[in-house]
Amino acid sequence: MLKFKKELKNQIFQRLKDKFPIELDSLKFNYTPNHKLGDLAVTICFELAQKLKRNPREIAEEVINYLKDIPFIERVEIAGGGYINFFIQKDRFFLNQLRNLQEISLEPEQRKIVVEHTNINPNKAAHIGHLRNACLGDTLVRCLRYKGEKVEVQNYIDDTGVQVGDVVFGFLELEKKSLEDIKKIDGKFDYYCWDLYTKVTKYFEENPEAQEKRAYILKRIEEGKNPEAEIAEHISNRIVKAHLNTMRRIGVTYDLLPRESDILRLKFWEKAFNFLKEKKAIQFVTEGVNKGCWVMRFEDEPEKEKIIVRSNGTVTYVGKDIAYQLWKFGLLGRDFYYKIFEKNNGQLIWMTTSKNGENKNIEFGKASKVYNVIDVRQSYLQKIVAQSLKLLGYEEEAKNSIHFSYEMVALSKKCLEEFGLKISPEEKKKSFLEISGRKGLGIKADDLLDKLEEKALNEVEKRNPQLDPDLKTSIAQKIMTGALRYFMLKYARNSIIVFDFDEALNFEGETGPYLQYSLVRANSIFRKLEEKGIFSEKEINNLIESELSLDELSEQELADFWSLVFYASTFEEEVLNSINSLEFSHLAKFAFNLSQKFNSYYHSYQILKEENKNLKKIRILTVYYVKEILRKALNLMGIPQPEIM
RNA sequence: GCGCCUGUAGCUCAGGGGAUAGAGCGUCGGACUCCGGAUCCGAAGGUCAGAGGUUCGAAUCCUCUUAGGCGCACCA
């Protein structure tokens with residue numbers, strides 16, 4: 001449809017440019033509310049009416065004279081107050097779509113793109129908020145790759161931060177455990193730390209004097225090469241592995257795990273600090289509340305100062321982030337060393353190291369565009385990171401530093417009750433509650449995935465009890481992933497998801513399993529055709545290459561056929577639109593609407609029993625086309641496709 | 001206090017200048033000897049928070065009011 005529209009637009013422009021004051025860019029197509037009115041509409045006559053001070057309808061009658069005999073257009077009509085509506089030649093359009101089904105009309109625009117997502121503190125289990133981040137990030141990656149972009153996925157590991165420090169404190173001070181003791185802990189280590197972290201938080205509230213020890217441990221971790229740092233590394237590595245396992249369950253993976261400890265040890269910050277000082281992007285404050293700090297000031301709000309280096313000389317989180325962002329663009333002039341962290345089915349996940357002598361042959365970073373998938377609460381900080389690139393003179397890179405922001409997942413009061421989580425009277429007044437790893441307030445990702453999988457398995461059991469148990473499990477996993485990923489994508493990113501188990505565990509209506517089910521039905525038609533020796537999908541090209549006539553279709557069937565095919569043909573437009581607006585709910589809605597139209601069609605028109613050969617052929621082609629488009633859409637959303645369910 | 005975001009059907013949300021404001025859930029009623037009922041068809045349900053304005057045209061853009069959320073750390 002993208003290509004089709006572009007060509008049609010050119011046709012119209014060429015025919016009208018000398019007759020009317022129009023510009024190519026102002027020519028846009030609208031979809032008509034109903035195919036009875038036409039397929040594509042143009043509203044230029046309303047704009048021309050203003051310029052020419054004439055009635056739009058009159059202008060339309062003139063304009064239409066120049067729009068005869070356009071390729072692929074059956075006829076052109078005037079409607080309403082001055083719309084010009086185009087009717088597409090359905091048979092030719094459809095064959096054309098089928099013949100170009102494997103072609104991608106999107107084109108890459110960047111040299112290389114880095115997408116950073118997930119970024120969970122490696123001190124506790126992943127929760128449902130992290131799942132939203134990973135689903136959005138991974139879908140972005142899939143769409144960009146479909147578009148033809150070269151994409152590198154990074155999952156930043158903050159292994160020297162306070163959060164890890166606090167768990168180290170918990171092991172050392174509260175549980176009196178050595179590294180050896182910690183290594184002996186079996187079972188779900190990320191769950192263990194989830195609980196421990198909550199205990200530590202509570203302990204700090206009740207024992208303010210412990211702050212000194214807390215700061216000491218953090219400092220030791222930052223320095224490295226000591227027992228505290230060793231424990232921190234052990235915790236971090238083990239929890240990162242747990243996170244990778246969780247994300248692998250829903251088909252999310254990464255190329256590189258950059259660690260904060262390596263940023264520190266390889267002195268990335270020093271280099272960035274020098275740049276910032278040289279370019280006078282930051283200033284040293286000699287008086288006032290921020291005396292002794294290095295701060296950044298902003299054009300739009302000069303009264304505000306953001307502290308980058310504290311008066312004790314230590315760098316803040318934003319400072320490290322600036323260095324990291326510079327590195328992503330290849331602007332830092334320093335690099336990491338790399339080692340393989342995990343190998344899975346031939347797919348490698350690399351991790352940075354600071355050990356000289358490790359792998360230097362592989363290249364990461366050096367992107368021309370960077371997406372940071374981080375929730376909306378960090379907008380201010382992300383603005384500072386982009387701003388600092390600008391202050392350093394990297395205008396282009398600043399513009400290409402994209403904060404992919406999205407709203408949080410919050411907890412409904414109902415779901416807190418179901419999980420037996422305790423809340424204060426103050427919190428009870430709110431309509432929903434923010435997830436808090438610190439307080440242990442949240443639903444762990446693996447718990448939700450387990451529940452989904454269990455329910456899916458039950459449903460499979462009900463419908464297909466005869467299946468092999470391993471197959472049932474594998475189907476249940478696919479359904480779990482489909483349900484979760486669709487749930488995370490269906491809401492606009494600006495919308496707070498107030499988590500509710502009934503909604504998340506629903507497999508009917510606007511859900512992932514509904515999409516999967518639609519595809520299963522379509523596949524099932526082809527399976528049956530093959531089993532009965534009527535038709536094999538391998539021969540589909542024979543049908544596509546032969547002639548096609550829609551004359552025998554009833555008026556109703558022609559309308560239903562066209563509504564389905566036309567909508568399916570807008571797929572790539574939806575993908576591009578989703579990438580440009582970073583709104584993958586568009587893609588989700590597209591797949592859902594397409595499934596709805598398909599299910600309705602499926603219900604009305606038989607294939608196996610149809611005796612009219614021509615009708616049968618048209619229907620086979622229609623289902624094939626829709627099925628292929630739906631497969632592509634599901635792939636981009638990371639929703640797996642079971643053969644049966 | 002300043003900044004950003006949000007208010008659309010009973011509930012959860014789409015639609016972000018263009019034709020009759022949509023979907024899911026829930027409610028009520030229905031679906032053939034039928035390719036899978038995780039489905040389909042139908043019904044009820046709306047002052048698009050309120051008031052002004054811009055426009056040929058506003059749920060959509062602007063201003064104000066109002067209700068709510070989130071930011072604004074020498075935390076990350």
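By convention in this document, chain letters (A, B, ...) are assigned in the order of the sequence lines, proteins followed by strands, and residues within each chain are numbered from 1.
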Contact class for A/Met408 (heavy atom, under 4.0 Å): base, sugar-phosphate, or nothing?
sugar-phosphate
Inspect the surroundings of NZ in A/Lys9 and state if more than 12 heavy atoms from other residues, nucleotides or ligands are less than 6.0 Å away.
yes
Write down the partner of B/G37 under the Watson-Crick or G-U wobble criteria, each distance required to be under 3.5 Å.
none
Short side-chain donor-acceptor distance under 3.5 Å, A/Asn372 and A/Gln382:
yes
Distance between C1' atoms of B/A59 and B/C72 (Å, rounded)
32 Å
Nearest-nucleotide comparison on RNA chain B, the residue closer to the 5′ end among A/Asn593 and A/Lys528:
A/Asn593
Go through the side-chain N and O atoms of A/His35 and A/Asp39 and say whether any donor and acceptor fall under 3.5 Å apart.
yes
Using the side-chain heavy atoms of A/Leu37, tell me which of these nucleotides is nearest: B/U20, B/A19, B/A14.
B/A19
Would you say a side-chain N or O of A/Thr511 is under 4.0 Å from OP1 or OP2 of B/A38?
no
Residue A/Thr32, side-chain heavy atoms: nucleotide from B/U39, B/A19, B/A76 that is nearest
B/A19
Test A/Tyr31 against every option in A/Tyr83, A/Phe86, A/Phe566 by the ring pair (Phe, Tyr, Trp, His ring centres under 6.0 Å) rule and name the one that passes.
A/Phe566
Let's see if you can work this out: which of B/G69, B/G36, B/C74 has an atom nearest to the side-chain heavy atoms of A/Ser524?
B/G36
How would you label the contact of A/Ile644 with the nucleic acid (heavy atoms, under 4.0 Å): base, sugar-phosphate, or nothing?
base
Partner of B/G42 by Watson-Crick or G-U wobble geometry, both contacts under 3.5 Å, or none?
B/C28
Should A/Tyr517 be listed as having a side-chain N or O under 4.0 Å from OP1 or OP2 of B/A38?
yes
May I ask you to evaluate whether A/Arg310 reaches the phosphate of B/A76, defined as a side-chain N or O under 4.0 Å from OP1 or OP2?
yes
In the structure shown, which nucleotide is the Watson-Crick or G-U wobble counterpart of B/U63, with both distances under 3.5 Å?
B/A51
Choosing from B/C32, B/A38, B/A76, which nucleotide comes nearest the side chain of A/Gln378?
B/A76
5'-most by nearest nucleotide on RNA chain B - A/Lys532 or A/Val460
A/Lys532
What is the separation between atom CD on A/Glu510 and atom C1' on B/G22, rounded to the nearest whole Å?
11 Å
Opposite nucleotide pairing with B/G22, Watson-Crick or G-U, both atom distances under 3.5 Å
B/C13
Hey, does A/Ala410 reach any base, or is it just sugar-phosphate, or nothing, if we go heavy atoms under 4.0 Å?
nothing
Could you work out the separation of B/U8 and B/A14 based on their C1' atoms and round it to a whole Å?
10 Å
Any A/Lys609 side-chain N or O less than 4.0 Å from OP1/OP2 of B/C32:
no
Can a salt bridge be assigned to the pair A/Lys462 and A/Glu459 using a cut-off of 4.0 Å between side-chain N and carboxylate O?
yes
Separation of the P atoms in B/A21 and B/A9, to the nearest angstrom
15 Å
In whole angstroms, how far is the P atom of B/C35 from the CD1 atom of A/Ile534?
12 Å
A/Phe598, A/Tyr514, A/Tyr517 screened by ring pair (Phe, Tyr, Trp, His ring centres under 6.0 Å) with A/Phe592, the one that passes:
A/Tyr514
Among A/Ile540, A/Ile607, A/Leu608, A/Ile525, exactly one meets side chain to side chain contact (heavy atoms under 4.5 Å, CB included) together with A/Phe535. Which residue is that?
A/Ile540
Could you check how far CG of A/Asn494 sits from C1' of B/G15, rounded to whole Å?
15 Å
A/Ser600 (side chain) and B/C40 (base): donor-acceptor pair under 3.5 Å
no
Looking across every strand, which nucleic acid part, if any, lies under 4.0 Å from A/Tyr486 by heavy atom: base, sugar-phosphate, or nothing?
nothing
Quantified in whole Å, what is the C1' atom distance between nucleotide B/G53 and nucleotide B/G68?
26 Å
Under 6.0 Å from the ring centre and within 45 degrees of the ring axis: does the NZ or CZ of A/Lys306 meet both conditions for the six-membered ring of A/Tyr380?
no
For A/Glu573, does its backbone N or O pair with a side-chain atom of A/Thr570 as donor and acceptor, under 3.5 Å?
no
Out of B/C72, B/A38, B/G18, which has the shortest distance to the side chain of A/Pro513?
B/A38
Expressed in whole Å, how much space separates the C1' atoms belonging to B/G42 and B/U47?
28 Å
May I ask you to evaluate whether A/Tyr514 reaches the phosphate of B/C40, defined as a side-chain N or O under 4.0 Å from OP1 or OP2?
yes
Using whole Å, what does the distance between atom P of nucleotide B/C35 and atom OH of A/Tyr624 come to?
25 Å
Of the listed B/A76, B/C74, B/C70, the closest approach to the A/Leu381 side chain comes from B/A76
Would you indicate what A/Val289 reaches in the nucleic acid, counting non-hydrogen atoms under 4.0 angstrom: base, sugar-phosphate, or nothing?
base
From CD of A/Glu260 over to C1' of B/A76, roughly how many Å is that when rounded to an integer?
9 Å
Look at the side chain of A/Asn121 and decide which nucleotide, out of B/A76, B/C40, B/G37, has an atom nearest to it.
B/A76
Of the nucleotides B/U6, B/U39, B/U12, which one has an atom closest to the side chain of A/Tyr491?
B/U12
Considering every strand and a 4.0 Å limit on heavy-atom distances, what is the contact class for A/Ser379: base, sugar-phosphate, or nothing?
nothing
Side chain of A/Ile479, heavy atoms from C-beta onward: which of B/G18, B/A38, B/C40 has the nearest atom to it?
B/A38
Answer yes or no: is there a side-chain heavy-atom contact under 4.5 Å between A/Leu411 and A/Ile128?
yes
Interatomic distance, A/Arg521 CZ vs B/G36 C1' [rounded to whole Å]
6 Å
At 4.0 Å (heavy atoms only), tell me whether A/Lys462 reaches a base, stays on the sugar-phosphate, or touches nothing.
nothing
Does A/Lys430 reach a base, just sugar-phosphate, or nothing at all? Heavy atoms under 4.0 Å.
sugar-phosphate
Does B/C35 have OP1 or OP2 under 4.0 Å away from a side-chain N or O of A/Arg527?
no
Would A/Tyr83 count as stacked on B/A19 if the rule is ring centres under 5.5 Å and plane angle under 30°?
yes
Under a 3.5 Å limit on both distances, the Watson-Crick or wobble mate of B/C72 is B/G1
Whether A/Gln596 contacts B/G24 is assessed here as follows: a side-chain N or O lying under 4.0 Å from the phosphate OP1 or OP2. Is that the case?
yes
Quote, to the nearest angstrom, the P distance that separates B/G46 from B/U6.
26 Å
For nucleotides B/G57 and B/G15, find the distance between their P atoms and express it as a whole number of Å.
25 Å
Side-chain N or O of A/Gln50 less than 4.0 angstrom from OP1 or OP2 on B/C56?
yes
Rounded to whole Å, CZ of A/Arg463 lies from P of B/G37 at a distance of 11 Å
When all nucleic acid strands are considered with a 4.0 Å heavy-atom cut-off, which category describes A/Val520: base, sugar-phosphate, or nothing?
base
OH of A/Tyr406 versus P of B/G71: gap in Å, rounded?
13 Å
Among B/C34, B/C74, B/A76, which nucleotide has an atom closest to any side-chain atom of A/Gln606?
B/C34
